[in-house]
There are 2 protein chains.
Amino acid sequence: MSVTIREVASRAGVSIATVSRVFNNSDPVDEGTRARVKKAATELRYVPNVLGRSLSMRRTDSIGLLLPDLFGEFFSEVIRGCDQTAQQSNFHLLVSSSHNNRQEIEAALRMMRGRVDGLIIMSPHIDANTLIENLPRTLPVVLLNCHVDGDDFDSINIDNRGGVSAMVRHLLSHGHTRIGILKGTEHNLDAAERLLGYREAVAAGSAVLSPDLEVPGSFSEASGYDAAGKLLSLRPRPTAIVASNDSMAIGALSAIRESGLRVPEDIALVGFDDIPVAAYITPSLTTVNVDIDGLGVAAITQVIHAVKNRNAHTKQHSVLPTRLSLRHSCGCTNQQTSHQSQKEVTAETT
Amino acid sequence: MSVTIREVASRAGVSIATVSRVFNNSDPVDEGTRARVKKAATELRYVPNVLGRSLSMRRTDSIGLLLPDLFGEFFSEVIRGCDQTAQQSNFHLLVSSSHNNRQEIEAALRMMRGRVDGLIIMSPHIDANTLIENLPRTLPVVLLNCHVDGDDFDSINIDNRGGVSAMVRHLLSHGHTRIGILKGTEHNLDAAERLLGYREAVAAGSAVLSPDLEVPGSFSEASGYDAAGKLLSLRPRPTAIVASNDSMAIGALSAIRESGLRVPEDIALVGFDDIPVAAYITPSLTTVNVDIDGLGVAAITQVIHAVKNRNAHTKQHSVLPTRLSLRHSCGCTNQQTSHQSQKEVTAETT
DNA sequence: CAATTTGATGTAAACGTTTACATGCGATAC
DNA sequence: GTATCGCATGTAAACGTTTACATCAAATTG
């Protein structure tokens, strides 16, 4: 079927070891024979079989990336960040997605086993035990935005809490005291942490803390639309709304407009993520900026480091900072109207 | 390091062949020994090594997906469609992205070689020769939105031309005769085809066909904003704008609003793709709907079919139809205000 | 000039599976 | 009672590499 190292060897009149040496530059080879081997190889269109190679070398030069159900722009960015960084280090990326419960995750873990030298896992449905039971101890793992205790694995988390908290403080500084929140998907770690950040800042700022002001949602435009409707029917009505992500904020904006209210004059609105479209809706959306691409870069860097150290390094837990992108929807007025502006008004959230 | 089939065999007191048989249900095995093997395997936490397995069986049970630079929601959807469909057929997905020139594509092709049983390629930078030269003839390939001649490979294309053409006819039916277009990225196949569809329908409808009405862009919100600005400064001003995708339409909307004009009263605006956010901006965006998820599903289905037929089937070229999502931005008035509406007004584009 | 090093290559044993073939044995058939 | 069958299992050869070790000639060293 496919041409093997043996055929190249016999055509070049050498042993397979020599062919291997030529392709790996692993040992000195006479220039003459090297040329003969190369010639034979190109004539036969020989490409080394990666499986044989990996089996023999006990490494695959690839990194696995386990993701939950993909939606929106977020994961595109994560994948891009990972892939580009991996390529720079001569690693390949093996992505597997759509794992929305423990069983699916376990199946994915097993299938990745043997195929990759390291693993990046982004899944709310994972716990330390599942991992330890399904993976060889020597396999480097970096957890992205997972809630896993212990020091068995590296982890990187987004500063959800700090980001929302800073945003709420910003709203408080505008004079708001009755601030509602559109919550994200239930049992989702990001959603939970953002809610915590909201409560923390609301309480610290002596604003109104009430279950009525916390309405459920699911990170989609549709759920933002619905949830905002509920907040708007409260009396007294909240004067500001925090959406758990930008998509929900966009849905909320649509609902607010239909009810005849204006943003930001009648009600302030803010989001989370800072997806590209946030700057282009009217009014432009004030939101918490996350360096999504940087998340992927950091994860790959860390896992490759672990691979090179044979996973014997001390595990690290890092938190990716966020910053505020202050635009019009919160009522800030010191904004240029042009979207071309290179320097938007931002503020560190820490 | 990792526990192998040999250790399981010796612990269960059988040969490695029997262990293999138990794990593959390939031959009858006595219930007693089967139980002993299973017990030994779980005690040792044995997981078959996929590389050895693939090497021996000459198949990997995985499909490669080659993508260009990822951005926006589009690719998330493609990947999701592919992954879910692949999983249903017990295949795994190996994604590699960020290939923006011929060299990178070739490198990716080589690296996929041996790792996958079939390949889905989505890249404008590919041609039949590159493929034929870098891939074994037996490897099934499905081309997604690529412009490749010949009958060597299966292909699936989006009906860009028909979609835009239908949309322009819709605008003509609203009475518009001076319609501008915001072009997509240069040298991009989708962009070129959409432009063709525009010209075709404009010419057929005896509307104004002029280079001034075709302004360059690059599929991003920012480029839509800029390009729209140029159209708005024309005199006479176009009364309708076709954006080459939804992101550009959103950028354009922002620019139109800043110039003090209203959509759709002063100027109609339409997009392409029908990304989720299109229904939630104000006014809701009339756009060409593409079943992105279905694209992934179709691609995987086709490539798996080819794998099972050892790539000996006759190659197919199919075109994915589009339909119009008629909302407010084009001036249609027969719209419900609620986003919850299950049945939006749609029209087949063919 | 003998001893040692160096360079170029070949041999064969891994790596962890699957599977064609062989073997042995109890049961059925006649 | 022998021939035939089928089941359960073992043996060993693939699959396509890498690499430790061996070999041998030529060059260097003293």
Side-chain angles (χ1 to χ4, degrees), chain A residues 1-38 40-41 44-62 110-117 136 138-139, chain B residues 1-38 40-41 44-62 110-117 136 138-139:
Chain A
M1 198 69 63
S2 195
V3 34
T4 79
I5 198 172
R6 247 167 281 272
E7 306 175 44
V8 177
S10 85
R11 173 177 264 247
V14 297
S15 74
I16 59 168
T18 302
V19 178
S20 174
R21 285 190 262 261
V22 168
F23 272 81
N24 298 304
N25 284 323
S26 49
D27 280 304
V29 173
D30 180 82
E31 276 312 313
T33 45
R34 159 167 269 120
R36 279 213 318 287
V37 169
K38 289 230 161 194
L44 294 171
R45 295 200 177 173
Y46 168 68
V47 176
N49 179 304
V50 282
L51 283 130
R53 184 167 218 271
S54 294
L55 188 58
S56 184
M57 308 230 290
R58 274 190 238 55
R59 46 171 248 242
T60 62
D61 292 328
S62 39
R110 278 193 298 273
M111 96 87 174
M112 282 289 182
R113 196 172 165 162
R115 274 182 233 260
V116 297
D117 297 338
T138 51
L139 189 75
Chain B
M1 201 68 64
S2 196
V3 33
T4 81
I5 199 173
R6 247 167 279 272
E7 304 174 45
V8 178
S10 83
R11 173 178 265 249
V14 296
S15 75
I16 60 167
T18 301
V19 178
S20 174
R21 283 191 262 261
V22 168
F23 271 83
N24 296 307
N25 284 323
S26 49
D27 280 305
V29 173
D30 179 82
E31 276 313 313
T33 45
R34 161 167 266 118
R36 278 212 319 285
V37 170
K38 290 231 163 193
L44 293 171
R45 296 201 176 172
Y46 168 68
V47 175
N49 179 305
V50 281
L51 285 139
R53 184 167 216 271
S54 294
L55 188 58
S56 184
M57 309 231 289
R58 276 192 244 41
R59 48 173 247 244
T60 63
D61 293 328
S62 39
R110 278 193 299 272
M111 95 91 175
M112 282 288 182
R113 195 170 168 164
R115 275 181 234 260
V116 297
D117 297 338
T138 51
L139 189 75

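Residue numbers start from 1 in every chain, and the chains themselves are labelled A, B, ... in the order their sequence lines are given, proteins ahead of strands.
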If you apply the rule side-chain contact (heavy atoms from CB on, under 4.5 Å), what do you find for A/V37 with A/V29, and how did you get there? CA-CA 10 Å; A/V37 169; A/V29 173; over 6 Å; no
By the 4.0 Å heavy-atom rule, please label B/N24 as base, sugar-phosphate, or nothing. sugar-phosphate
Has A/R53 got a side-chain N or O lying under 4.0 Å from the OP1 or OP2 atom of D/dG16? no
With the side chain defined as heavy atoms from C-beta on, A/R21 is closest, among C/dG10, C/dT18, C/dA8, to C/dG10
So what does B/T33 hit on the nucleic acid, given a heavy-atom distance under 4.0 Å: a base, only sugar-phosphate, or nothing? sugar-phosphate
Run the numbers on B/N49 and B/T4 for side-chain contact (heavy atoms from CB on, under 4.5 Å), then give the verdict. CA-CA 8 Å; B/N49 179 305; B/T4 81; over 6 Å; no
Would you classify A/G32 as touching base, sugar-phosphate or nothing, given that sugar-phosphate means primed atoms plus P, OP1 and OP2, and contacts are heavy atoms under 4.0 Å? nothing
Do B/T60 and A/L51 have side chains that get closer than 4.5 Å, going by heavy atoms? yes
Check every strand shown and say whether B/S20 touches a base, only sugar-phosphate, or nothing at a heavy-atom separation below 4.0 Å. base
C/dG16 phosphate, OP1 or OP2, under 4.0 Å from B/S2 side-chain N/O: no
Any side-chain N or O of A/S56 less than 4.0 Å from the OP1 or OP2 oxygen of C/dC15? no
Heavy atoms only, 4.0 Å cut-off, all strands: where does A/V50 land among base, sugar-phosphate and nothing? nothing
For B/V47, which contact category applies under a 4.0 Å heavy-atom criterion: base, sugar-phosphate, or nothing? sugar-phosphate
When we call it a touch if two heavy atoms are under 4.0 Å apart, what does B/S26 touch: a base, just sugar-phosphate, or nothing? nothing
Using a 4.0 Å heavy-atom cut-off, does A/Y46 contact any base of the nucleic acid, only the sugar-phosphate backbone, or nothing at all? sugar-phosphate
Please work out if B/T18 contacts a base, only the sugar-phosphate, or nothing of the nucleic acid, heavy-atom cut-off 4.0 Å. sugar-phosphate
